[in-house]
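Remarks on the structure that follows.
What you see is a predicted model; the values in this text were computed from it and never measured. If you read the sequence from its start, that first residue is 1, and numbering goes on from there.
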Amino acid sequence: MSTNEKTHWRVVTPTTWPAPPAVMSVSTYAEIEECPRRWALSSAEYPELWGGRGYPPKLQVAALAGSVVHLALEIIMKQLMRAGVPSLSDPSAPQVLRELGGYTRVVEECVARILKRYIDNPRASALMEHAQRALRGQVPTLRVRVQSMLSRLRLPNSAPPAPAASAPKSGGPPPRLPLVNGIYPEVEVHAKSVGWKGKIDLLVLGDDACQITDFKTGATDEAHKFQVRTYAVMWRLDDELNPSGRVVDRLVLAYEDQDVDVAPPITSEIDEISRELRARRQAAEAALAARPPSARPNTESCRYCGVRQLCDAYWGSATQVVSDDGRYGDIELKITGRHGPTSWDAVVVRARDLPAKMPALLRVQRPGEFKKGTRVRVLDGALAHDSEDDAAPAIVTLGVLSEAYYEPLGD
């Protein structure tokens with residue numbers, strides 16, 4: 001894979017499987033629990049593809065929009081806190097926003113920063129222009145989303161802005177010192193005794209307040225309650241930032257349209273959750289011990305998998321992704337010959353709603369070469385076939401959001 005735009009990429013396998021993470025996080029555990037092989041394929045190194053970590057992630061506009069909102073919230077919150085402004089209703093809030101250039105400018109800058117993360121990603125090069133247009137077109141909507149979430153932010157008056165962190169003596173992250181009363185965005189907590197870590201979106205420490213707020217840009221999910229309660233436990237067990245073992249007294253899940261209070265764990269529950277975290281970590285390590293780690297294909301989770309093109313278990317089961325209307329989906333083909341400059345004759349190897357060995361026609365965006373016998377795994381291709389004519393081929397067309405991966409297997 002190179003930085004040039006291509007229509008199709010070679011299927012690769014990792015030379016070595018990754019070891020379990022040294023420190024577990026809620027998101028990492030959720031990925032491993034859902035499918036150990038997906039986490040392993042995503043986290044392995046692929047030096048023949050690029051210099052980044054793991055498998056190059058797919059650029060997904062919907063997920064990027066949430067990242068833009070989250071980053072904008074972080075930037076504006078930090079500026080409000082530095083100025084000692086507890087909410088947008090405070091008379092000083094407009095001046096803080098003017099200094100930032102206003103909501104629209106902040107969102108636009110966040111779009112640029114989020115997309116910059118994909119500049120060296122060879123898998124994203126063909127989609128960058130599409131993503132830029134899509135996200136820039138969403139700036140007014142993203143602005144409203146940010147405003148809506150910030151409008152409900154109320155910080156306790158008893159909690160002053162966080163004191164400036166002392167600079168490290170020789171580069172690297174700042175020292176992890178005990179936190180005094182203040183308002184702290186983006187706090188990474190480490191629970192060394194259970195081997196877990198997490199990043200708290202907003203931690204408020206006051207004389208009569210110890211509050212964690214986690215901002216969510218998606219739909220409500222029961223798993224979010226486990227996550228924020230886990231953060232409360234990790235904060236309690238972080239003997240560097242919280243050596244006194246202070247317990248959280250309020251947990252808030254801040255969604256775009258509502259705030260949801262979650263009952264913080266009491267002391268006995270903290271001990272119980274700590275044991276659960278150790279057990280979950282051990283289960284995750286056991287799941288990753290197999291070579292390759294086990295795959296758990298199912299229609300719903302595979303839909304959002306960024307490495308399903310590499311997973312033989314996915315292609316060997318009947319879980320291929322297909323849109324609700326059947327017009328788009330994943331399909332594996334075997335090339336039988338050239339049809340035209342940008343089209344190839346093929347037969348179906350595997351597709352959820354099409355029979356094996358059914359004739360097919362693969363249409364690509366740019367000229368390329370496939371040898372007879374090559375297997376091609378198409379992701380999110382446009383699918384069309386005449387259900388009343390068994391002899392008619394299935395038409396598979398690659399669009400701007402499609403991907404195709406090939407593996408020469410011979411006849």
Between Asp261 and Arg250, does a salt bridge (charged side-chain N to carboxylate O under 4.0 Å, His left out) hold up when you go through it step by step?
CA-CA 7 Å; Asp261 278 274; Arg250 189 182 181 205; 2.8 Å; yes
Can Val204 and Thr213 be said to form a side chain to side chain contact (heavy atoms under 4.5 Å, CB included), step by step?
CA-CA 8 Å; Val204 176; Thr213 299; 5.9 Å; no
Could you walk me through whether Arg280 and Met24 pass the side chain to side chain contact (heavy atoms under 4.5 Å, CB included) check?
CA-CA 9 Å; Arg280 291 191 178 208; Met24 190 67 66; over 6 Å; no
Would Leu179 and Trp235 count as a side chain to side chain contact (heavy atoms under 4.5 Å, CB included) here? Give the steps.
CA-CA 11 Å; Leu179 299 184; Trp235 160 251; 4.0 Å; yes
Would you check, one step at a time, whether the test side chain to side chain contact (heavy atoms under 4.5 Å, CB included) holds for His224 with Tyr255?
CA-CA 11 Å; His224 297 161; Tyr255 294 96; 2.7 Å; yes
Start with the C-alpha gap between Arg176 and Glu188, add the side-chain angles, then the distance that decides, and say whether salt bridge (charged side-chain N to carboxylate O under 4.0 Å, His left out) holds.
CA-CA 10 Å; Arg176 304 188 79 251; Glu188 186 166 288; 5.9 Å; no
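Shortest non-hydrogen contact noted between Ala124 and Leu59 is CB-CD1, 3.7 Å. Looking at every heavy atom in both residues, Leu177 comes nearest to Leu241 through O-CD2, 3.3 Å. Listed here is the closest heavy atom pair of Ala404 and Leu398: CB-CD1, 3.8 Å. Nearest heavy atoms, Gln320 versus Ser317: NE2-O, 2.8 Å. Nearest heavy atom pair, residue Leu237 against residue Ser274, reads CD1-OG, 3.5 Å.
With salt bridges taken as basic N to acidic carboxylate O contacts below 4.0 Å, one links Glu240 and Lys192. A salt bridge between Asp345 and Lys372 is absent, with no side-chain N of the basic residue lying under 4.0 Å from a carboxylate O of the acidic one. In summary, Glu222 and Lys225 engage in a salt bridge, as defined by a charged side-chain N under 4.0 Å from a carboxylate O. Taking 4.0 Å as the cut-off between side-chain N and carboxylate O, Asp380 and Arg308 count as a salt-bridged pair. One finds no salt bridge joining Asp221 and Lys216 here, because no Lys/Arg side-chain nitrogen approaches an Asp/Glu carboxylate oxygen to under 4.0 Å.
Classification of the Tyr406-Phe370 ring pair by plane angle, with boundaries at 30° and 60°, yields perpendicular.
Looking only at side-chain heavy atoms (C-beta outward), Val12 and Tyr405 stay at 4.5 Å or farther from each other. The closest side-chain heavy-atom distance from Thr13 to Leu310 is not below 4.5 Å. Val321 places a side-chain heavy atom less than 4.5 Å from the side chain of Tyr314. Side-chain contact between Cys110 and Val146 is absent, with no heavy atoms from C-beta onward closer than 4.5 Å. Here the side chains of Arg123 and Glu403 are in contact, with some heavy-atom distance below 4.5 Å. Counting heavy atoms from C-beta outward, Leu41 and Arg38 have side chains that stay 4.5 Å or more apart. Here the side chains of Glu109 and Ile75 are not in contact, with every heavy-atom distance at 4.5 Å or above. Two residues are said to be in side-chain contact when any heavy atoms from C-beta on lie closer than 4.5 Å; Val348 and Leu333 meet this criterion.
Of the possible polar contacts, none joining the Asp259 side chain to the Val252 backbone as a donor-acceptor pair under 3.5 Å is found. Glu269 contributes a side-chain N or O that, together with a main-chain N or O of Ile266, makes up a donor-acceptor pair within less than 3.5 Å. With hydrogens and angles disregarded, no donor-acceptor distance shorter than 3.5 Å links the side chain of Arg375 to the backbone of Glu407. Side-chain atoms of Thr28 never come within 3.5 Å of backbone atoms of Ser25 as a donor-acceptor pair (strictly under, hydrogens ignored). A donor-acceptor pair is defined here as one N or O able to donate and one able to accept, closer than 3.5 Å; no such pair exists between the side chain of Ser148 and the backbone of Val144. A donor-acceptor contact shorter than 3.5 Å is absent between the side chain of Asp386 and the backbone of Ala392. A distance-only check finds a donor-acceptor pair linking the side chain of Ser125 to the backbone of Pro122 [under 3.5 Å].
Atom CD of Glu256 is separated from atom CZ of Arg152 by 9.0 Å, given to the nearest 0.5 angstrom. With rounding to the nearest 0.5 angstrom, the CG atom of Leu354 is 10.5 Å from the OG atom of Ser387. To the nearest 0.5 Å, atoms SG (Cys210) and CG (Leu203) are separated by 6.0 Å. How far CZ of Arg143 is from OH of Tyr103: 7.5 Å, rounded to the nearest 0.5 Å. Interatomic distance, CH2 of Trp196 versus CG of Asp238, reported as 15.5 Å (0.5 Å rounding). For the atom pair Asp330 CG and Arg377 CZ, the distance stands at 11.0 Å (nearest 0.5 Å).
Within a 6.0 Å radius of CZ in Arg363, other residues, nucleotides and ligands contribute 12 heavy atoms or fewer. For CZ of Arg338, the number of neighbouring non-hydrogen atoms (other residues, nucleotides, ligands) closer than 6.0 Å is greater than 12. Open room surrounds CZ on Arg53; 12 or fewer heavy atoms of other groups in view lie less than 6.0 Å from it.
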Between side-chain atoms of residues 284-307 and protein atoms elsewhere (two or more places apart, or another chain), which donor-acceptor pairs fall under 3.5 Å?
| from | atom 1 | to | atom 2 | distance (Å) |
| --- | --- | --- | --- | --- |
| Glu285 | OE2 | Arg281 | NE | 3.2 |
| Glu285 | OE2 | Arg281 | NH2 | 3.3 |
| Arg291 | NH1 | Leu288 | O | 2.5 |
| Arg296 | NH1 | Glu33 | O | 2.5 |
| Asn298 | OD1 | Glu300 | N | 3.2 |
| Asn298 | OD1 | Ser301 | N | 2.9 |
| Asn298 | OD1 | Ser301 | OG | 3.1 |
| Asn298 | ND2 | Ser301 | OG | 2.8 |

